[in-house]
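What follows is a single structure, written as C-alpha cells, with notes after it.
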Amino acid sequence: MSLPQLDKIYNPQQVEDRWSQFWIDKGYFHATPAHPGQPYCIVIPPPNVTGSLHVGHALNNSLQDILIRWRRMQGRNVLWMPGTDHAGIATQNVVERQLLAEGTSREALGRERFVERVWQWKAQSGDTIIQQLKRLGASCDWERLRFTMDEGLSKAVREVFVRLFEEGLIYRGERLINWCPRCLTALSDIEVEHEESKGKLYSIEYPLADDPSIRLTVATTRPETMLGDSAVAVHPEDPRYRHLIGRKVALPLTNRTIPIVGDSILVDREFGTGAVKVTPAHDFNDFEAGQRHNLLRFSLFNHEALVDPSKLDVAGVDPDVIHTIRLLPVTKARPKIEQMLRDNGVLAKVEDHKMAVGKCYRCKTVMEPFLSPQWFVRIQPLAEPAIKAVEEGRIRLIPEGWMNNYLGWMRNIKDWCISRQIWWGHQIPAWYCRHCNQEEFKTTGSQGTTREFGFVSPVAKPIVATSRPATCPNCRSADLVQDPDVLDTWFSSALWPFSTLGWPEQTPELKTFYPTSALVTGLDILFFWVARMIMMGLKFMGDVPFRDVYIHALVRDAEGQKMSKSKGNVIDPLHVMEQYGTDALRFTLASMSSPGRDLRLAEERIEGYRNFANKIWNAARFILMHLDGEREAVPPTQRSFADRWILSRLNAAITTVAAELEQYRFDRAANTLYQFVWHEYCDWYLELIKPVLQEPASAEARRARGTLVESFETTLRLLHPFMPYITEEIWHALPHAGVSIVTQPFPTMQPAWESKETEAAFALLEQCLTLLRTGRALLNYAPGKLVPFLTSGTTEQDRATLGALRAHLAHLGKGAVQVSPAEEWPAENLLRLAAEGMTIGLTVEEDVDVQKALGRIVKQKEEGAKEVQRLEGKLQSVEFTAKAPADVIADHHDRLKTLRRDQAILHSSETQLREILHGRHT
RNA sequence: GGGCGAUUAGCUCAGUGGGAGAGCGCUUCCCUCACACGGAAGAGGCCACUGGUUCGAUACCAGUAUCGCCCACCA
C-alpha cells in the first residue's frame, strides 16, 4: 500500500475548501423526514442577511456544528436548519448609508424603489455570510436555506398576525413609545439600552392658581418637558398636600392651570418633596397616570426630537418662550428653559444627579418617549404558558442560572410594540378604507396619512387580512390603503422554529423535527428572540419550540473589552481561519466556552490549538510511516502493555467527551481531547511502541500496528465534531472503510478496553521515569550522556523485571537513559515491585558535580522550606554514589534519604550500558 | 435601586469537603530519523478579605471589597 506523502507542517488551506465542497456534494448534510434515526434538529440563529461573519457567529456556529456532527455520527436524523434574517433597521441603515454616499436618500427614491434597492443589496451580499459559514465547516442542510422574508415565511408572518389580531392579542393604539429620532421609528422596550449619565435635578415651584403665595415644589431631570405638564400629583394620604387635591396650580411659562391630583401609584411620599409633575406625553409613568386621571396629553417635540412650535402653541406656551426654543433639539432647549424658569423666580434649585438615559440599540441616539399610533402585541396571555414551560422544565436553560433572568423578565413583561416606521420588512397586513375613514384621510396625500410623519390616525379602523382585500367589507369601496408600518424584525424571527419547517402548512418536516432539540444562542438575544420563540411556538404549535437552550457567552478581546470596529480590537474569524486554520479556531472557541462566563479571545490561544492540529498531523505522519507492513487485529489477551493502556485511556476519553457534550460542556470535552491526544497518545503511547515498530516484520510489530490504527482511527472520529477538516483529511489517508468520516459512527465506550490495572501500572511507570528525568536534570547530567539507571532487586525475577522496564522505557529518555540489566520482564512485574516498595536508584558517575547539585538543594532550602520539601519528596529514592566529598554526602545524607541499604544495587559501567543500548530489547 | 456572576500561577481559565491544576508565557537543556507549530526538566499561588459550619474549607454558609453583566419609570 502506498501512502501519501504528508508535509511536515499541516497546511489547513490546502484541505479545507476541498472537503467543505465534498461534504456538500455528497449530500451528507441534507436531512429527510424519512430517515430512520431519532430526529435531532437545531435551527440556526439567523444572521443578518447582509452581514459578515464575526467571531460571535464563529463561536455560536462552531458549537452548533459540534453538536450537530456529534449527533449525526451517533446515527440520529439530524437537521441543522440554516437561514438569514432581514434585520429590518440594521439593513435599512446600511442601505441608507450607501444612498447617502451616492448623494441620494431613501426619501428621494421613494418606498417602492428603496425596497427594491434593498433586495438588490441582499442579492448581492446575502451569500457572503452563507459562504463564510460553509467555510467554518457548518454542516447545515444548505438545501433548506431560509430567509425571513421568503414567501413561505412571510406567509407565516401574516398568518400569525391575523390570528393574533382576531383573538384580540394584537391591537393598535396611540401610546407613548420609545422613539429613535435618528432611525425615525418606534422601538420596543428592549431595544433601548440604558446608559448611566450625569444629569441635573431641577426643582421647580408651581404657585397655586388661586393663591400664588402657596407653591408646590416638583423636581425633574427634564425641565423642558414642564411645558407639557397636565397635572401635579401628590400622594392621596399625604397630610402635607391632601387638602390641596382638586385645586389647581398655574403652570409657569404657559397660560395653563393644571390640577393637583392624588395618585398613590405614581407618588412616593418619601421621595423629594412628595409632589410630582405629570407629563403624560413625555414620560412613561406619567402616561399611565394620565390615563388614570384622564389628563390631557401635550406633546412638545416632533419626530426628530426638535421643539415643535405648533405643539407648544397648543400647549398654551407663552409666545416668547416658543420663539426662544422653536425647532431646537431637546438638549439645546433645556438650558433655555432653565434660564427662563430662573428668570421667573420659580427655579428653586439645581443639583447634580445621575440618571439612566435610553439609547437606540442600533445607532446609540438618545431615545425620546414619543406619543404615536402603533401596533402592539398583548403579551401577557402569551407569556404565561411560556413561563410555565420553563418552570416545569419542558424547556431547559443551560446554564440554568439564566432561568431567573428569564422568568423575572417574563413576569414583568409589557406589551410589545411591533410596528416600525421603516420600509424594509414585513409590511403590516392591515388596510384602511379611505371611504370609511374620510375624516381621517381628508387632509392627506396619497400616502393616506393624517398626521406628521406618515402616521395613520389612531382612530382609523384597520381591516386585517392575510392578503389585500378587494373591497372594504363595510362599504364595498376598493379604495384601500395598506398600513405603512412594517413589523419588528423579531416578529418574524419569533416564528423561526416552525416557519422554517413549513408552517402554516402541515409538512412532514414540521411533524418530524418540531419541537427542535436544542437552541444555541448568545445571552444578548434571550429576550429579543428566545423568549418570543417560546411564546409563539407554544401559541401556534401547541408545544415548546426546543427542549434545551444553551446560552453561550459573549466573545471579548484579550483585555475583556467588547469587540468593536471603532476600538480596532476585532478578531476577524476569516483572517484567523486563513492564518491558523478553521479547526484551530473551532477548537479554541470550544475550549474556551465555559458556561456563564464571557470568553476572552487572544490570538496566542488560537496559535496553541493550531499547534495541536499540527501535533495530530504529525502523529498521523508517524503512524503512516510505520504502517508499511501487515497488521492484525489483536485479541485482547495478546495486547501489549502499551496497547492495553492506550485503549483504556481512549475508552476513558470517549466516555468523558460524550458525557461532557451531553451537558454542553464544550470546554471540558475539548480539554479532554487535547490532554488525551497530546499527553497520552503522543507523549506516551507512541513513544512506548516506537521500539516495537523498529522491527517492522516482527509479530509484535504486526500486533502493535493493529492497535495503532484502531486507536488512531477511533481518536479521529472522537475529534471530528471539533476539528472536521483535519480529521477528514487524515482519515482518508489511513486504512478505512467508508467514504467520509462525517457519516462514521461516533466512538462508544468499549467495556473490553477498560483496564484499571494497566492504568495503575502505568501510573507507577510514569512516576519512575519522571523521577529519573528529574534526577538527571537536577544533577546537570549532560544530555548526550547515558545515565546508568540502576535498581534494587536481588532475585532473578527482579532482575528480569528490570530488563523489561528497560525494554519499555529505554527510548523515553531519548537515548540518555538506560536501564539495566537487560533481562526481559513484563513491565507490570516491575511495577508491582515498585508498588511493594522497591526503590529505583539513580547512580551518578564520578564526573558529575554532586557538590553543585547538593548545593542547589541547600540553597533552595535556605530560600524556603517548602521548596526543599518538594525536592526531597522527589529525590527520596535517588541514590548518589558518586565520588563526592564525604562531608557533603554526610551533611545531606539524611535529607536525601538514599536507598535502603538492605537492597542490593545493580551496578553497571558505561560500557555495559552501551551494550544494553545496542543489544536492545528483543 | 434590584438581580446575577466573577475573584485560583505573569496572562486566560478549569476544579474538588481531605493531595492546588491546565493552556499560553517564562527559565534551563536538547534541531535524537512524527512533530522546534517539537521534546525533557523547572520556577511561579496565604485559591480576594473577614467571620462561621466542620476533625478538616480554595470548595459549604454569612458578611466585606473590587470588577463585570442583566434588569429598572423613583420624579
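Note on naming: letters A, B, ... go to the chains in the order of the sequence lines (proteins, then strands), and numbering restarts at 1 for each one. Scope of the values below: all heavy atoms of this structure, side chains included, with no hydrogens, waters or symmetry mates.
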Rounded distance in Å between the [atom1] positions of [N] and [M]:
{"N": "B/G68", "M": "B/C29", "atom1": "C1'", "result": "43 Å"}
{"N": "B/A65", "M": "B/U50", "atom1": "C1'", "result": "10 Å"}
{"N": "B/G17", "M": "B/C60", "atom1": "C1'", "result": "8 Å"}
{"N": "B/U7", "M": "B/U12", "atom1": "P", "result": "12 Å"}
{"N": "B/C47", "M": "B/G15", "atom1": "C1'", "result": "11 Å"}
{"N": "B/U64", "M": "B/U54", "atom1": "C1'", "result": "23 Å"}
{"N": "B/A43", "M": "B/G52", "atom1": "P", "result": "35 Å"}
{"N": "B/A9", "M": "B/G45", "atom1": "C1'", "result": "5 Å"}

Mind checking if [X] touches a base, just sugar-phosphate, or nothing, with heavy atoms under 4.0 Å?
{"X": "A/Y10", "value": "nothing"}
{"X": "A/R668", "value": "sugar-phosphate"}
{"X": "A/L266", "value": "base"}
{"X": "A/D268", "value": "base"}
{"X": "A/V278", "value": "nothing"}
{"X": "A/F271", "value": "base"}
{"X": "A/H282", "value": "nothing"}

Side chains of [Y] and [X]: any donor to acceptor distance under 3.5 Å?
{"X": "A/Y685", "Y": "A/T707", "answer": "no"}
{"X": "A/Y361", "Y": "A/E191", "answer": "yes"}
{"X": "A/S594", "Y": "A/D667", "answer": "yes"}

Where the side chain of [X] is concerned, which of [options] is the nearest nucleotide?
{"X": "A/K414", "options": "B/C24, B/A75, B/C73", "result": "B/C73"}
{"X": "A/N614", "options": "B/A75, B/C37, B/G38", "result": "B/C37"}
{"X": "A/K615", "options": "B/C73, B/G38, B/A72", "result": "B/G38"}

Atom [atom1] of [X] and atom [atom2] of [N]: how far apart are they, to the nearest Å?
{"X": "A/L407", "N": "B/C4", "atom1": "CG", "atom2": "P", "value": "13 Å"}
{"X": "A/I606", "N": "B/C24", "atom1": "CD1", "atom2": "P", "value": "14 Å"}
{"X": "A/N611", "N": "B/A22", "atom1": "CG", "atom2": "P", "value": "18 Å"}
{"X": "A/N671", "N": "B/U12", "atom1": "CG", "atom2": "C1'", "value": "12 Å"}
{"X": "A/F666", "N": "B/G23", "atom1": "CZ", "atom2": "P", "value": "23 Å"}
{"X": "A/E368", "N": "B/C73", "atom1": "CD", "atom2": "P", "value": "16 Å"}

Please work out which of the three classes, parallel, tilted or perpendicular, describes the rings of A/F612 and A/Y674, given edges at 30° and 60°. tilted
Can you label the angle between the A/F370 ring and the A/W179 ring as parallel, tilted or perpendicular, going by 30° and 60°? tilted
Under a cut-off of 3.5 Å for both distances of each Watson-Crick or G-U pair, what dot-bracket string does RNA chain B give, using [ ] for crossing pairs and | for inter-strand pairs? (((((((..((((....[..)))).(((((.......))))).....(((((..]....))))))))))))....
Which of A/R334, A/E224, A/M226 passes side-chain contact (heavy atoms from CB on, under 4.5 Å) with A/Y202? Answer is A/R334
Test salt bridge (Lys or Arg N to Asp or Glu O under 4.0 Å) applied to A/K277 and A/D229, step by step: CA-CA 6 Å; A/K277 69 193 267 298; A/D229 284 0; 3.1 Å; yes
Distance test, side-chain N/O of A/R665 to OP1/OP2 of B/A14, below 4.0 Å: no
Phosphate oxygens OP1/OP2 of B/C24: is one of them under 4.0 Å from a side-chain N or O of A/Y674? yes
With a 3.5 Å cut-off and heavy atoms only, can you find an N or O donor on one side and an acceptor on the other between the side chain of [X] and the base of [N]?
{"X": "A/K8", "N": "B/C35", "result": "no"}
{"X": "A/R605", "N": "B/C24", "result": "no"}
{"X": "A/Q675", "N": "B/A14", "result": "no"}

Within this structure, what is the CG-CZ distance for the pair A/L673 and A/R668, rounded to the nearest 0.5 Å? 14.0 Å
Does the separation of the ring centres of A/W402 and A/Y406 fall below 6.0 angstrom? no
